[in-house]
Amino acid sequence: MSLVHFHYDPFTEFERLFDDAFSARFRPSDVSRAVESGSRVGTFRPKMDLIENKDSNEVTAKFDLPGMDPANVAIEVQQNRLTISGETTTEAQRQEGDYAVRERTFGKFSRTLQLPVGTKSEDVTAKMENGVLTVTFPKVGKEQEPEKVTVK
């Protein structure tokens, strides 16, 4: 069973591949690409690590969101799907000689994971620390745990 569900959009994928091919050497990450784009609303796909802990029967997803305010991150559970979305805005101003430099950048993201059947929103925990969002949920919902049936 795959825990990660991706929505495939060929145009977005083509644009991402094109951008990666021509700008990977100049911008080290997707977040900085969205922040440095400046002239348009950026979309980025934060890096994610998915870690399974068999001892505690939990899955932990870690998302790299450097510089994001936790108030701008939304986590929703609906129809066995966990959606993490957010928006970042950056505004910088500086005066240099006879001119002013004003830069505004915006970026949005959304990632969706497939949850085990029966996972409820109260089973999902999240915390954000040092730009890393950690979301933990049970690997197997209570409805999916195997039950032994005795043979008579």
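Just so it is clear, the model here is predicted, and its values are computed rather than measured.
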Roughly how far, to the nearest 0.5 Å, is [atom2] of [Y] from [atom1] of [X]?
X: Thr150; Y: Lys148; atom1: OG1; atom2: NZ; answer: 11.0 Å
X: Phe137; Y: Glu122; atom1: CZ; atom2: CD; answer: 15.0 Å
X: Lys47; Y: Leu65; atom1: NZ; atom2: CG; answer: 12.0 Å
X: Met48; Y: Ile84; atom1: CE; atom2: CD1; answer: 8.5 Å
X: Ile75; Y: Phe63; atom1: CD1; atom2: CZ; answer: 8.0 Å
X: Gln93; Y: Glu103; atom1: CD; atom2: CD; answer: 10.5 Å

Closest non-hydrogen atom pair between [X] and [Y], with its separation:
X: Asp64; Y: Pro46; answer: O-CB, 3.4 Å
X: Phe109; Y: Glu87; answer: CE2-N, 4.5 Å
X: Asn80; Y: Thr119; answer: OD1-N, 4.0 Å
X: Pro116; Y: Pro138; answer: CG-O, 3.4 Å

Where the side chain of Arg81 meets the backbone of Thr112, is there a donor-acceptor pair that is under 3.5 Å apart?
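Not confirmed, Arg81 side chain does not pair with Thr112 backbone.
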Grouping I, L, V, M, F, W and Y whenever their side-chain heavy atoms are under 4.5 Å apart, do Val132 and Met128 come out in a common cluster?
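Different hydrophobic clusters.
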Reference residue Lys62; test side chain to side chain contact (heavy atoms under 4.5 Å, CB included); the match among Leu50, Thr134, Thr136, Leu133
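Among Leu50, Thr134, Thr136, Leu133, the one that satisfies the side chain to side chain contact (heavy atoms under 4.5 Å, CB included) with Lys62 is Thr134.
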